[in-house]
There are 2 protein chains.
Amino acid sequence: MSGNEKNTEKLILDAARNIFIEKGFDGARMQEIADTAGINKALLHYYYRSKDQLFEAVFRESFNTFSPRIFEIMSSPIELSQKIRLFIDSYIDIILENPHIPAFVLHELNRNPGRIKDLMPFTGQTAGGLLSALSQEIKSAGYVEISAQQLMINMIGLCIFPFIGRPIIQPILFGNDDNRFDEFIQSRKTEVTKFILNALTKK
Amino acid sequence: MSGNEKNTEKLILDAARNIFIEKGFDGARMQEIADTAGINKALLHYYYRSKDQLFEAVFRESFNTFSPRIFEIMSSPIELSQKIRLFIDSYIDIILENPHIPAFVLHELNRNPGRIKDLMPFTGQTAGGLLSALSQEIKSAGYVEISAQQLMINMIGLCIFPFIGRPIIQPILFGNDDNRFDEFIQSRKTEVTKFILNALTKK
DNA sequence: TTTCGGTTTAACCACGTGGTTAATTTATAA
DNA sequence: TTATAAATTAACCACGTGGTTAAACCGAAA
């Protein structure tokens with residue numbers, strides 16, 4: 001039982017996650033995943049039967065990380081402004097720990113939009129319920145008139161976009177300086193929250 | 001000179017654009033591009049020497065469509081609020097005509113971030129100039145305190161995100177109904193403009 | 001020590017890939 | 001009509017791909 005005693009299945013999944021997220025399904029090679037995991041290629045098929053199934057495992061995991069707990073937070077019994085603060089804060093934190101996941105998940109979903117059906121934990125109905133509830137809260141909070149959908153997309157988009165757009169944002173706006181980009185992201189949590197809450201406030 | 005007299009090079013580029021944008025570089029097959037164009041595969045290499053060069057042609061074109069004319073608009077001598085209205089309006093219009101381009105460009109840029117260097121028409125300096133000018137305008141307009149970078153990213157992100165995120169947005173928020181999603185996008189132009197301008201306004 | 005199941009590997013396979021080539025067709029001009 | 005170059009094609013090639021297989025390895029129970 002030496003130190004590197006790590007079960008092989010996990011070893012494979014870790015390697016596959018790195019490769020798939022970096023190169024996407026089409027760009028990933030089973031050989032490279034095996035090399036990264038430090039094992040023989042046949043072992044990939046021993047534990048996961050095919051490239052598709054290995055990818056499936058990685059993608060589900062990534063999707064669950066990516067899929068915001070927005071519905072949990074949004075249905076909790078706290079004030080709307082607090083929900084918004086809470087969501088922005090925790091969602092940006094999550095993405096900061098896995099900055100490449102949004103681009104990965106969204107690309108694979110665009111490549112195969114039908115896949116979403118297998119992944120949705122909540123029905124359209126539960127979503128509908130939350131939306132109408134949110135819609136009520138917007139009104140009773142005395143906020144600006146805005147549909148629940150528009151607000152949700154704004155919140156999520158403002159959190160995610162900087163990460164997906166980094167390869168174009170950083171060179172143009174920050175002279176390709178990693179530090180300046182990181183500072184930018186750091187300040188985003190408070191900036192986005194301020195921006196949204198102010199956008200919702202009647203003048 | 002019959003009706004379908006279309007020069008072959010253009011025929012190839014059209015087919016390549018469709019395939020590359022739908023499947024990405026790694027997922028695209030030269031044979032499928034040839035079939036789509038209705039020509040022999042060897043012709044692809046006759047006009048464009050390699051898959052890379054054919055892709056390069058498609059990507060440059062897409063990037064120029066995608067790359068917002070934000071710097072033109074932002075440096076024109078009109079009031080800031082008008083610039084914002086103008087940008088949101090025209091940018092969403094452009095993307096509506098090519099709804100798959102943002103996901104395509106951003107994915108390929110994430111796959112190969114170095115590529116951006118070959119594509120930037122403006123130096124970091126010109127961008128810097130525009131940013132400080134914009135920063136001044138924000139102040140003199142009496143708007144809320146916000147950095148030029150944060151504002152620009154918010155504007156662009158709010159325009160683009162619904163298109164990149166469609167495969168997840170439509171099923172969850174609109175019961176996978178094409179019409180409801182299209183209505184949502186249509187109302188976005190006014191909604192996003194209102195949202196941003198209000199977010200910038202002090203109480 | 002032997003046996004036996006789960007692990008791991010080297011070697012292999014059929015097939016699809018991007019790319020090439022030599023020949024054929026087509027248009028053009030003399 | 002004929003000569004010439006450009007456009008187009010069928011056939012081909014080397015190689016990388018996902019996947020398989022049979023044998024070897026290894027720890028534990030008998």
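Throughout, protein chains are lettered first and strands after them, A, B, ... in sequence-line order, and every chain is numbered starting at 1. Computed from a predicted model, the values in this text were never measured in an experiment.
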Measuring to OP1 and OP2 of [N], would you say a side-chain N or O of [X] lies under 4.0 angstrom away?
X       : N      : value
B/Arg29 : C/dG18 : yes
B/Thr8  : D/dA7  : no
B/Tyr46 : D/dA6  : no

Please report, rounded to the nearest Å, how far the [atom2] atom of [N] is from the [atom1] atom of [X].
X       : N      : atom1 : atom2 : value
B/Ile12 : D/dA7  : CD1   : P     : 11 Å
A/Leu43 : D/dT21 : CG    : P     : 16 Å
A/Asp35 : D/dT17 : CG    : P     : 11 Å
A/His45 : D/dT20 : NE2   : C1'   : 9 Å
B/Met30 : D/dC12 : CE    : C1'   : 17 Å
A/Asn7  : C/dT8  : CG    : C1'   : 15 Å
B/Gln31 : C/dG19 : CD    : P     : 13 Å
A/Asp26 : D/dG16 : CG    : C1'   : 15 Å

Within the structure shown, what part of the strands sits under 4.0 Å from B/Tyr48 by heavy-atom distance: base, sugar-phosphate, or nothing?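 Counting heavy atoms under 4.0 Å across all strands, no contact is made by B/Tyr48.
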Looking across every strand, which nucleic acid part, if any, lies under 4.0 Å from B/Ala28 by heavy atom: base, sugar-phosphate, or nothing?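 Here B/Ala28 touches the backbone only, sparing every base.
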Measuring from B/Glu183:CD to A/Gln149:CD, what's the distance to the nearest 0.5 Å? 10.5 Å
Atom pair CG/CD1 of A/Leu109 and A/Ile116 - distance to nearest 0.5 Å: 4.5 Å
Taking the side chain of B/Lys51 as heavy atoms from C-beta outward, which of C/dT8, D/dT9, C/dG18 is closest to it? C/dG18
Both B/Asn40 and A/Phe25 contact DNA chain D. Which one's nearest nucleotide lies toward the 5' end?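 Its nearest nucleotide being more 5', the pick is B/Asn40.
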Both A/Tyr47 and A/Lys41 contact DNA chain C. Taking the nearest nucleotide for each, which residue is further toward the 5' end?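 The residue mapped nearer the 5' terminus is A/Tyr47.
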Looking at B/His100, I'd like to know if its NE2 atom is crowded, meaning that more than 12 non-hydrogen atoms belonging to other residues, nucleotides or ligands lie closer than 6.0 Å. no
Classify the angle between the aromatic ring planes of B/Phe63 and B/Phe66 as parallel (below 30°), tilted (30 to 60°) or perpendicular (above 60°). tilted
So, the side chain of B/Asn198 versus the backbone of A/Ala199: is there a donor-acceptor pair under 3.5 Å, distance only?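 Checking the backbone N and O of A/Ala199 against the side chain of B/Asn198, a donor-acceptor pair under 3.5 Å is found.
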